[in-house]
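Working notes, beginning with the structure itself.
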Amino acid sequence: MKPYEKIGWLDHVQDVETGETIQEGTPLSQTNMNHMDDGIFQNREAVILHEGMIAANQQEIKVLKDATLNNMVNNVFLKNFDSVDAVLIISGVFDPVARKIYV
């Protein structure tokens with residue numbers, strides 16, 4: 001994603017007595033508004049992606065921490081599946097609410 005470039009909005013300023021324009025304001029245009037809209041959209045998409053990555057890391061840290069605290073440090077692993085439809089569980093149970101397989 002390319003960096004967001006600020007437009008640097010300026011107010012339109014006129015002399016009250018003479019009506020003379022002291023400073024031209026930044027035009028409120030389709031180009032400027034779409035630029036802002038695109039920047040907001042891209043940032044929101046990045047936030048959604050990062051929230052998912054943080055949640056996955058939190059889950060992995062919790063599993064590893066719990067295993068260490070309970071002295072169960074052998075054969076600890078995490079595997080994420082898109083769904084469990086194609087997974088054959090021979091031993092254990094799948095909890096659809098917690099979305100975990102206990103073996």
Side-chain angles (χ1 to χ4, degrees):
M1 173 172 35
K2 65 181 181 180
Y4 184 80
E5 296 176 25
K6 292 173 65 173
I7 290 176
W9 296 86
L10 297 173
D11 287 332
H12 184 84
V13 181
Q14 283 184 319
D15 186 304
V16 179
E17 293 177 9
T18 65
E20 176 188 354
T21 298
I22 298 170
Q23 174 179 288
E24 287 291 338
T26 307
L28 186 62
S29 66
Q30 178 181 359
T31 301
N32 285 339
M33 295 305 285
N34 283 339
H35 175 74
M36 210 169 24
D37 199 29
D38 289 342
I40 292 167
F41 176 79
Q42 289 174 0
N43 281 319
R44 183 65 189 135
E45 292 297 304
V47 166
I48 291 168
L49 175 66
H50 293 149
E51 283 176 341
M53 293 168 66
I54 289 168
N57 285 334
Q58 286 175 322
Q59 181 182 20
E60 184 173 349
I61 289 168
K62 178 162 178 28
V63 167
L64 295 172
K65 181 179 174 184
D66 289 348
T68 302
L69 291 174
N70 291 307
N71 200 26
M72 298 176 63
V73 294
N74 296 324
N75 299 322
V76 175
F77 68 93
L78 295 171
K79 178 64 181 162
N80 292 325
F81 299 100
D82 292 332
S83 72
V84 292
D85 297 336
V87 177
L88 176 61
I89 301 173
I90 297 172
S91 173
V93 65
F94 173 66
D95 179 353
V97 176
R99 298 185 60 189
K100 294 182 179 181
I101 299 173
Y102 298 97
V103 292

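We count residues from 1, following the sequence as given.
The side-chain contact (heavy atoms from CB on, under 4.5 Å) test applied to I48 returns R44, E45, not counting sequence neighbours. In this view, E17 and D15 satisfy the side-chain contact (heavy atoms from CB on, under 4.5 Å) rule, not counting sequence neighbours. Residues meeting the side chain to side chain donor-acceptor pair (under 3.5 Å) test with D66, sequence neighbours left out: K62.
Counting heavy-atom neighbours within 6.0 Å of E5 CD, excluding the residue itself, gives a total of 12 or less. No more than 12 heavy atoms of other residues, nucleotides or ligands shown are found within 6.0 angstrom of CD on Q30.
The distance from the CG atom of D11 to the CD1 atom of I22 is 12.0 Å, given to the nearest 0.5 Å. Going from atom CE of M33 over to atom CG of D38 covers 11.5 Å, rounded to the nearest 0.5 Å. Between atom CD of residue Q58 and atom CD of residue E51 there is a gap of 10.5 Å, rounded to the nearest 0.5 Å.
In the hydrophobic clustering of ILVMFWY residues, with side-chain heavy atoms under 4.5 Å counting as a link, Y4 and W9 come out together. By the criterion of side-chain heavy atoms lying less than 4.5 angstrom apart, applied directly or through intervening Ile, Leu, Val, Met, Phe, Trp or Tyr residues, L28 is grouped together with I7 in one hydrophobic cluster.
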**Request:** Check the pair H12, E24 against side-chain contact (heavy atoms from CB on, under 4.5 Å), reporting the backbone distance first and the verdict last.
**Result:** CA-CA 5 Å; H12 184 84; E24 287 291 338; 3.7 Å; yes
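The shortest distance between side-chain heavy atoms of E20 and Q14 does not fall below 4.5 Å.
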